[in-house]
Protein chains: 2
Amino acid sequence: MTSSTPPADPGAPPSRRELNKAATRQAITDAALGLLRAKGPGNFTVEDIADAAGISRRTFFNYFSSTDAALASIVHGFLDTAIQQLRLRPADEPLLVSAQAALTALADPEAVAPLAELFTLTQQSPLMQHSELEAWDHCRAQVFDVARERLGGSHGQQEDLYVHALSGSIIACGKAAMEVWFNRRGPDLTPASLSELRQLLIDSMALLGTGFTTPASLSTSRSS
Amino acid sequence: MTSSTPPADPGAPPSRRELNKAATRQAITDAALGLLRAKGPGNFTVEDIADAAGISRRTFFNYFSSTDAALASIVHGFLDTAIQQLRLRPADEPLLVSAQAALTALADPEAVAPLAELFTLTQQSPLMQHSELEAWDHCRAQVFDVARERLGGSHGQQEDLYVHALSGSIIACGKAAMEVWFNRRGPDLTPASLSELRQLLIDSMALLGTGFTTPASLSTSRSS
DNA sequence: GTGCAACTTTGCACTGAGGGCAACTTAAAT
DNA sequence: ATTTAAGTTGCCCTCAGTGCAAAGTTGCAC
């Protein structure tokens, strides 16, 4: 089974089985992305992906529960590293600052390239929104965990709202920054474009931190 | 077809066809909700719903593209009225205040009852999250429209981020308030519970308006 | 190495979603 | 009443997703 317990020992050398599984997983997402490029969203089947990845249809489902899930694993990968970055921040830092730092740290070509391509390929069609929304929501849940940990165990019921609202808003703003960036730049990955993405991420978190005070405050960002 | 142009004349008396369609639509969601109650999420098929609603399986798909969609129409209904309320607010009012008003206006038994039941019935299982997330996202898009209209046509590129981030955050906070409320109260629809929901909605918008300043500000809400 | 145990892949078969199409039924219009 | 448009249904197709059991691999002990 794919879902059995992995060694959970980060220090140990990955066994052959682990490597094979990782490779297969990668082959699947590569194949899926390739077909998306070649045929467009909705115009290929799970069997197509399996063939392209050199595995059987049935095995595909051992790894992913759907075509969408396979493609969304790209988004998951990105967001997971974002969460990793977030957890590295000092616990006494304001969450918004941590989020800013974690996100801008990821605004480099290698990390955003697959994401950018995926977005440009699927922007027009709602066939991917499902898993994409889920990926963001999964990330939100993890930000929620981090936020709750930071507030310590002393949280009464009031903090529930605070933590829920904050984590949700952080995700919403991160999403907003990415969306605006894609709308403006498309698949442009030049340093100038990436620096604009960083600025957008910073600005969106700043908006959150200042309570969205009137649009006059918009003069903050002048980056293109 | 279901998707043909409705008269779009709100003054005219609804024709027989319109009435039939509305009735069928309602019968479907009723049947779906009934089956959800009776069998639990994931334990019934489209055919079951069609049978219960007294229509053919094929006709079901003329109205909804999936079981999820049929159930999510409940959420859609709620959020659509929320948007309606939002559009009724004066255009020069701060958006956060408008959102607060629109949402709290809907915190009455008739409006939230179906929603509350749906949430309690599906909270445990991820079988509904798809359409639910979509419903919220659809609502976000509409808040986005309202926000853009309010900022007038003079919006340069900076406003894009502002509007995206703001509408996304509003939705996130509305969601947060509802989620906290369901977690605390479950399907409780007593006036005390509803007033707590109202307070939560107000508080979450307030958090957004104050930039989530330190948890010390949490003492605002003391409502149970 | 040999062999066993655990894990993984695959084929097969089955249920059910979703949609195209044409025949049929019902409401509206003249 | 007759024609026309809108809606319903049955038939049939493809494809998603899953359980099961028979293979094929890898890990480990001897």
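Here is how names work: the chains are called A, B, and so on, in the same order as the sequence lines, proteins then strands, and each is numbered from 1.
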Study note, to complete from the structure: Each nucleotide of nucleotides 17-27 of chain C classed B (base within 4.0 Å of a protein heavy atom), S (only sugar-phosphate) or -, in 5' to 3' order, makes BBBBB----BB

Practice item. Classify the angle between the aromatic ring planes of F212(B) and Y162(A) as parallel (below 30°), tilted (30 to 60°) or perpendicular (above 60°). Key: perpendicular

Take atom [atom1] of [X] and atom [atom2] of [N], then tell me their distance rounded to the nearest Å.
| X | N | atom1 | atom2 | result |
| --- | --- | --- | --- | --- |
| D51(B) | dT9(D) | CG | C1' | 13 Å |
| N62(A) | dG24(D) | CG | P | 18 Å |
| L35(A) | dC15(D) | CG | C1' | 15 Å |
| R25(B) | dT8(D) | CZ | P | 12 Å |
| K21(B) | dA5(D) | NZ | C1' | 12 Å |

Point to revise | S56(A) side-chain N/O to dT10(C) phosphate OP1/OP2 under 4.0 Å | key: yes

Check your understanding: OP1 or OP2 of dT8(D) less than 4.0 angstrom from a side-chain nitrogen or oxygen of Y63(B), does that happen here?
Key -> yes

Review point. Between R148(B) and E159(B), is there a side-chain N and carboxylate O pair less than 4.0 Å apart?
Key: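 Result for this pair is no, no salt bridge flagged.
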
Exercise for review: Taking only Lys NZ, Arg NE, NH1 and NH2, and the carboxylate oxygens of Asp or Glu, determine whether K175(B) and E132(B) approach each other closer than 4.0 Å.
Suggested key: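 Salt bridge: no.
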
Check your understanding: Can you list the residues that meet the salt bridge (charged side-chain N to carboxylate O under 4.0 Å, His left out) rule with R16(B), with sequence neighbours excluded?
Key ->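 Not a single residue meets the salt bridge (charged side-chain N to carboxylate O under 4.0 Å, His left out) criterion with R16(B).
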
Exercise for review: Using a 4.5 Å cut-off on heavy atoms from C-beta on, say whether the side chain of L207(B) contacts that of C173(B).
Suggested key: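 C173(B) does not reach L207(B) side chain to side chain.
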
**Study point:** Expected output: side-chain H138(A) to main-chain E134(A) donor-acceptor under 3.5 Å
**Key:** no

